[in-house]
Amino acid sequence: FGRFSGSDRGAVIAFNDGVQTLQPLTSDAAALQAAVKGAPASGSGRRLVDAVASAIEALAGASGRSGVIAVTSGSDAGSAAGIAETVRLSRERGVPVHVIVCGGSPVTPEIDSLTAGSGGWTLTAPSGGSGPSFAEALLSAEEALRNFYGLAFASSDTTQDRTWRRVGLRVEAYGLA
């Protein structure tokens with residue numbers, strides 16, 4: 001949270017056997033850091049999808065760009081919310097879901113569906129000496145989120161002929177052209 005600015009806001013939601021909001025949406029970086037440090041790391045469940053759905057709901061009405069960064073050691077188990085309905089909710093609210101998978105666990109097809117379907121991405125932080133550490137993955141996630149812009153296109157062509165169409169994008173902000 002070292003680069004957290006006064007206009008940034010975050011929340012901390014823990015999940016395992018259940019989902020618990022440890023810190024509601026705030027701009028207080030110290031409170032967020034304390035909540036992360038106090039997050040429980042035990043339990044038998046992994047209700048990742050329930051936690052992501054809860055995070056998307058927590059962002060309702062928030063101004064500015066929003067995104068969810070979920071940190072997990074594996075796949076979802078026991079969630080009541082489904083991946084398809086959570087992806088739909090993320091799209092409706094314009095909240096991409098990004099997942100950091102820790103501890104050398106593989107990225108599951110469910111996590112891929114959740115991130116890709118919402119317009120987000122997945123990072124891995126394996127245990128041991130290979131690959132980025134968790135801290136490096138979190139810094140990469142933070143940097144990517146600050147520079148993340150989504151572009152969506154819905155064609156008015158209802159023939160669904162699956163042909164490629166050229167789309168142009170011109171950026172004219174912050175000195176870019």
Side-chain angles (χ1 to χ4, degrees), residues 1 4 8-26 31-60 62 65-152:
F1 298 100
F4 210 69
D8 292 333
R9 297 186 333 158
V12 177
I13 299 172
F15 63 97
N16 213 321
D17 299 325
V19 176
Q20 179 184 10
T21 300
L22 301 180
Q23 175 60 56
L25 202 56
T26 183
L32 291 165
Q33 190 165 9
V36 168
K37 286 182 179 178
S42 62
S44 59
R46 295 185 308 269
R47 296 184 178 190
L48 171 65
V49 178
D50 284 347
V52 167
S54 180
I56 294 168
E57 290 293 343
L59 292 168
R65 294 187 323 170
S66 298
V68 171
I69 300 176
V71 180
T72 182
S73 61
S75 61
D76 179 83
S79 282
I83 289 175
E85 71 184 71
T86 303
V87 166
R88 180 190 51 74
L89 182 64
S90 75
R91 287 179 176 176
E92 286 175 0
R93 303 274 174 90
V95 178
V97 176
H98 314 287
V99 176
I100 299 174
V101 180
C102 298
S105 297
V107 176
T108 64
E110 293 83 9
I111 290 174
D112 272 341
S113 292
L114 184 61
T115 57
S118 71
W121 36 254
T122 305
L123 293 173
T124 57
S127 59
S130 66
S133 68
F134 172 72
E136 290 169 332
L138 196 54
L139 283 173
S140 293
E142 187 267 342
E143 185 66 26
L145 196 55
R146 285 195 183 280
N147 297 305
F148 183 83
Y149 294 89
L151 174 66

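Since the structure is predicted, the reported quantities are computational estimates derived from the model, not experimental observations.
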Donor-acceptor contact present, side-chain S54 to main-chain D50, <3.5 Å: no

Side-chain heavy-atom pair S113, V87 within 4.5 angstrom cut-off: no

Intermediate values then yes/no, side-chain contact (heavy atoms from CB on, under 4.5 Å), L48 and I111: CA-CA 9 Å; L48 171 65; I111 290 174; 3.9 Å; yes

Closest contact, heavy atoms only, G78 versus R47: O-NE, 3.3 Å

Exercise: identify the closest heavy-atom pair between S66 and L59: CB-CD1, 4.0 Å

Listed partners of E57 passing salt bridge (charged side-chain N to carboxylate O under 4.0 Å, His left out), at least two apart: R93

Set of side chain to side chain donor-acceptor pair (under 3.5 Å) partners for E110, sequence neighbours left out: T108

Contact summary for V68 and A55, nearest pair of heavy atoms: CG2-CB, 3.8 Å

Minimal non-hydrogen separation, A62 against L25, with atom names: CB-CD2, 4.1 Å

Any donor-acceptor pair under 3.5 Å from R46 side chain to A77 backbone: no

Nearest heavy-atom neighbours spanning A53 and A81: CB-CB, 4.3 Å

From CD1 (I100) to CH2 (W121), nearest 0.5 Å: 6.0 Å

R91 side chain to G119 backbone, donor-acceptor under 3.5 Å: no

Residue pairs involving residues 78-87 (criterion side chain to side chain donor-acceptor pair (under 3.5 Å); sequence neighbours excluded): D76-S79

Sequence-distant partners of T21, side chain to side chain donor-acceptor pair (under 3.5 Å), two or more places apart: none

Residue list, salt bridge (charged side-chain N to carboxylate O under 4.0 Å, His left out) with R88, at least two apart or on another chain: E92

Test side chain to side chain donor-acceptor pair (under 3.5 Å) applied to S90 - qualifying residues, sequence neighbours left out: none

Within-4.5 Å side-chain heavy-atom neighbours: F15 and I13: no

Candidates V97, I83, L89 - the one meeting side-chain contact (heavy atoms from CB on, under 4.5 Å) with S118: V97

Closest non-hydrogen atom pair, D112 against T115: O-OG1, 3.3 Å

